[in-house]
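Read through the structure below, which is laid out as structure tokens, and then see the notes.
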Amino acid sequence: MHSDLLELAGIYREAALAGLDPRTQSSMGQFFTPTRAAALIASMPRLPQAGSLRIIDPGAGSGVLSAAIIARILDETSDVTAHVVAVEADPAVLPHLLKTLDACETAGRGRVTYEMVEADYIFASTGLSADVRLDGFDLCIQNPPYAKLPSKSPVRAAIRAFGADAPNLYAAFLALGAASLVEGGSWWQSLPARLRTDHISVPFGAICFPKSR
């Protein structure tokens, strides 16, 4: 069992939270996934029994979701390898994310590799200079930040230029996560305690969107 990997990620999560600046935490929409919620979300994707998985964790924070899915892969499969791309913009969080990813790689004993991308996920995924490392994934697992996007903000403009529109960061991450998948891939993400729009009202949980073949 690799539950100790998730426990270790929880320790790094607490350390990362302790170092956040409350003034920027709100503006960046940062909320680091609790370990129990991460385990729930990671329990839902269908895993292959052989082959390789490319996984993206956008806005990875301290890496709890990455740790949760890797722990499950190591527990439930013996012939699956995984490559995780974890994207995080906050320099203060990166050392904690690196520790989590290192722990995942160590636990994998050759079955897990990773790449940590220091970038704003939205800007890095859009435009003519979009980062090619953020495309071609089998699985996207994420807990998107939530903050409103003013209609004239550069982030909103980047999403519109990409071909979508998003009134908040959560919707923007959802759209970009979908676009990062290969055909047949799926993306799983947390839902706020009560997500409400004019057309949707759902309790906390996880949501899956398979990408059609």
Donor-acceptor pair, [X] side chain versus [Y] backbone, under 3.5 Å?
X: Thr33; Y: Val64; result: no
X: Ser125; Y: Ile122; result: no
X: Thr106; Y: Asp102; result: yes
X: Asn168; Y: Leu149; result: no

As an exercise, state the distance from [atom1] of [X] to [atom2] of [Y], rounded to the nearest 0.5 Å.
X: His2; Y: Cys104; atom1: NE2; atom2: SG; answer: 10.0 Å
X: Asp131; Y: Phe123; atom1: CG; atom2: CZ; answer: 14.5 Å
X: His96; Y: Glu88; atom1: NE2; atom2: CD; answer: 10.5 Å
X: Leu47; Y: Leu139; atom1: CG; atom2: CG; answer: 8.0 Å
X: Arg72; Y: Ser43; atom1: CZ; atom2: OG; answer: 6.5 Å
X: Ile55; Y: Leu65; atom1: CD1; atom2: CG; answer: 11.0 Å

Notebook entry, point to check: Do other residues, nucleotides or ligands put more than 12 heavy atoms under 6.0 Å from Arg160 CZ?
Noted result: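 Result for CZ/Arg160: enclosed.
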Check for me, please, whether [X] and [Y] land in the same ILVMFWY cluster - side-chain distances under 4.5 Å, paths through other members count.
X: Ile141; Y: Leu6; result: no
X: Tyr12; Y: Leu17; result: no
X: Leu53; Y: Ile41; result: yes
X: Ile70; Y: Ile11; result: no
X: Trp188; Y: Ile69; result: yes

Notebook entry, point to check: Does the side chain of Ser66 pick up a donor-acceptor pair with the side chain of Asp57 at under 3.5 Å?
Noted result: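 On atom types as modelled, these side chains qualify, holding a pair under 3.5 Å.
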Item checked: Polar contact flag, side-chain donor to acceptor under 3.5 angstrom, Ser186-Arg46 ->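 No donor-acceptor contact under 3.5 Å links the two side chains.
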Which heavy-atom pair separates [X] from [Y] by the least distance, and what is that distance?
X: Ala107; Y: Leu5; answer: CB-CD2, 4.3 Å
X: Arg111; Y: Asp79; answer: NH2-N, 4.2 Å
X: Leu174; Y: Trp187; answer: O-NE1, 3.3 Å
X: Glu105; Y: Tyr114; answer: OE1-CE2, 3.8 Å
X: Gly63; Y: Thr100; answer: O-CG2, 3.4 Å
X: Leu98; Y: Met116; answer: N-SD, 4.0 Å

Answer yes or no: is there a side-chain heavy-atom contact under 4.5 Å between [X] and [Y]?
X: Ile73; Y: Thr81; result: no
X: Val84; Y: Thr113; result: no
X: Leu134; Y: Ser180; result: no
X: Pro58; Y: Cys140; result: yes
X: Leu176; Y: Phe162; result: yes
X: Arg156; Y: Ser151; result: yes
X: Pro34; Y: Arg13; result: yes

Next item on the list: Please report the C-alpha distance between Arg54 and Asp138 in whole Å, then the side-chain angles of each, then the deciding distance to 0.1 Å, and finally whether the salt bridge (Lys or Arg N to Asp or Glu O under 4.0 Å) criterion is met.
Entry: CA-CA 5 Å; Arg54 279 178 50 81; Asp138 304 294; 5.8 Å; no
Next item on the list: Under the side-chain contact (heavy atoms from CB on, under 4.5 Å) rule, what do Glu118 and Leu94 come out as? Steps first, then yes or no, please.
Entry: CA-CA 8 Å; Glu118 181 181 0; Leu94 293 174; 3.2 Å; yes
